[in-house]
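Ligands are counted one by one from 1 in listed order, and the atoms in each one are counted from 1 as well.
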Amino acid sequence: MCKQAVSSSSNLFTPWPEAEANRYRTLGLWLNKNMFHILSDSRVADKLAVIDDNKQLTYGQLKTNSLALAQGLYQLGIRTGDNVVLQFPNRIEFVETLFALFALGAVPVMALPAHREQELKHFCTESQAVAYICADHAGGFDYRALARNVCALTQLKHVFVAGDGQEFYSLDDVKRAGELGAKSKASLPVVDNGQSLALLQLSGGTTNLPKLIPRTHDDYFYSVRESAAVTGLTNESVYLCVLPAAHNFTLSSAGVLGALYAGATVILSEQVAPDRVLPIIAKQRVTTVALVPPLANAWLQFAQKNRVDTNSLQVVQVGGAKLTSVLAKQIVAIFNCKLQQVFGMAEGLVNYTRLHDGPDKTLFTQGCPLSSEDEIKVVANDDTPVVNGEVGHLLTRGPYTIRGYYNASEHNATAFTPDGFYRTGDLVRLTEEGYVVVEGRAKDQINRGGEKISAAELEELLVGHPGISDAAVVAMKDSVLGEKTCAFVIKNKQQAYPQGVNAISNQQAITLPALRRYLREIGVAEYKLPDRVVCVEVFPTTKFGKVSKKALRETLENIQQLA
Ligand code: OOB
């Protein structure tokens, strides 16, 4: 079941129309270059490229290691066009493996460290991945145990583990074999095919199962180069990555790849808590960092109460969820730095406030599109443009926004307009100067402090529980995370509980702890577990007979007010 060649991916993702593609090439946006060139020879080989909690590598070492790993993976059968699920904490091995896969023309599927059996199984099946590459353990979790379960459930052919591989291939051994192989044979050529897939990102999702987002070398490399310029990264910058490095924000906006492209030093931290990270900022003289609003808030609280040296900080980027102007002002005042708001999506479009913008923009808007070639439209429900300045649905297309999800033709028919605009699901208005203000969301999703949860996905998981006959998930306001998740459930009265399915079934209790335990047991990522459960007899419906999420949100607000 090995997907053999890149040609097979052509019917799995929608290319840009030829006229647009030619235009982007003529304009020099698409360079027909493999992203491996980010580690190009022009970098100073002995400059520090990456530092993690335990080790560090120069640009020269990073390049050598990635090529050796590519060679080793090739020897074991990984080929151009193969999809490979990658799941790492913020460690150097993540960067080495990512560039090894780029060099091979293999396609990493960017799983997050929090993902578990449910998600991994889906990524492997959906992408027909031939391999899974992970760390042995991180954050107290053993990823080899996860690998065992995923292997049993999918068509995976190989598992590679950084650290103690146990029964799996150790990444160090693969690298060593690759070094030896490279000495005896001609080293692998890095193939430039800009239209081929560079990686598969993950959508926050509105569907039962998250969609994969096909990003090409041409489009991703363009967004990385342009983002590095807009965030002011140079070879003197020190970029700190605290959010998961695989996420589009910290990978490419400008992220780890943008920082390496600029010749900067990247610090990968597995810690996020301010007492652990703020000393790293002081020690490494960090200039640039990307945060989600709740993390920015936690760091500020800490910095106000403790003596910390954050003098080196020049740019603090905040994105992933709406930043309040109150928090925005505090960031600028307390960190004495430039604030850059980032409103982006793994599907492509990224908006940034610019470093020279005044407070009217940096405090109160989510920026403007990265590229002058980005097209954005704000439309009413019938897709007609709204009056300037009014709130509407944001649609976009451009040189780095996908034209379709991976292997999802049915979903693509509604997720994109017939002329190729992506329906972001965000409700926005534009200022007179064309800056975007995010006003809300039309998509059925919870944005839990930047982590996206598809309501449909969680509902499907909940109704899989024998004690629940129906579920409807809505966002509830939260002062720290912005939003949390509330699951309204209808108990299953008829269902006879099978013996020993899990602790909760036998008790017939649909309590929050029991439900969270159930979801954990079936292998759902921790951030997707509901924060509140409300049992109801029936769901309110709209006049079309659909569950009214609006009415459920109102019920929730009433309950919260009474509490
Ligand atoms: C980023 O990417 P995703 O794919 O996890 O989530 C995209 C969605 C957007 O459609 C929007 O609903 C929300 O996240 N979002 C924001 C926001 N940034 C993202 N909502 C309000 N204000 C913001 N600043 O989250 C992402 C990708 C690249 C760069 C930055 C964020």
Can you find a non-hydrogen atom of Lys443 under 4.0 Å from ligand 1? yes
Compute whether any side-chain donor of one residue and acceptor of the other, for Gln317 and Tyr352, lie under 3.5 angstrom apart. no
Taking the side chain as every heavy atom from C-beta outward, state whether Val107 and Leu101 have any atom pair closer than 4.5 Å. no
Atom 14 (O) of ligand 1: the protein heavy-atom neighbour that sits closest, reported with distance to 0.1 Å: Lys452 CE, 2.9 Å
So that I know where these two stand, are Tyr422 and Phe416 an aromatic pair - ring centroids less than 6.0 Å apart? yes
Contact partition for Gln445 relative to ligand 1, non-hydrogen atoms under 4.0 Å: neither
When distances are taken from atom 21 (C) of ligand 1, the protein heavy atom at minimum range is Lys322 N, 3.3 Å
Which residue and heavy atom of the protein sit nearest atom 11 (C) of ligand 1, plus the separation: Asp426 OD1, 3.2 Å
Out of the candidates Lys322, Arg553, Arg441, only one should pair with Glu483 under the salt bridge (Lys or Arg N to Asp or Glu O under 4.0 Å) rule; please name it. Arg441
Shortest protein contact, atom 4 (O) of ligand 1 (heavy atom only): Ala346 N, 3.0 Å
By number and element, which atoms of ligand 1 are closer than 4.0 Å to a non-hydrogen atom of Ser253? 28 (C), 29 (C)
Nearest protein heavy atom to atom 18 (N) of ligand 1, by residue and atom, and its distance? Gly320 N, 3.1 Å
among protein heavy atoms, the one nearest atom 7 (C) of ligand 1 is Gly344 O, 3.3 Å
Taking the six-membered ring for Trp, is the centroid-to-centroid distance between His217 and Phe102 below 6.0 Å? yes
Which one of Lys546, Lys452, Lys549 satisfies the salt bridge (Lys or Arg N to Asp or Glu O under 4.0 Å) criterion with Asp444? Lys549
Non-hydrogen atoms of Ala321 versus ligand 1: any pair closer than 4.0 Å? yes
In a check of side chain to side chain contact (heavy atoms under 4.5 Å, CB included) between Leu339 and each of Val332, Leu355, Thr353, which one passes? Val332
Tell me the protein heavy atom at minimum distance from atom 24 (N) of ligand 1, and give that distance in Å. Val342 O, 2.8 Å
Check: Tyr143 ring centroid to Phe141 ring centroid under 6.0 Å: yes
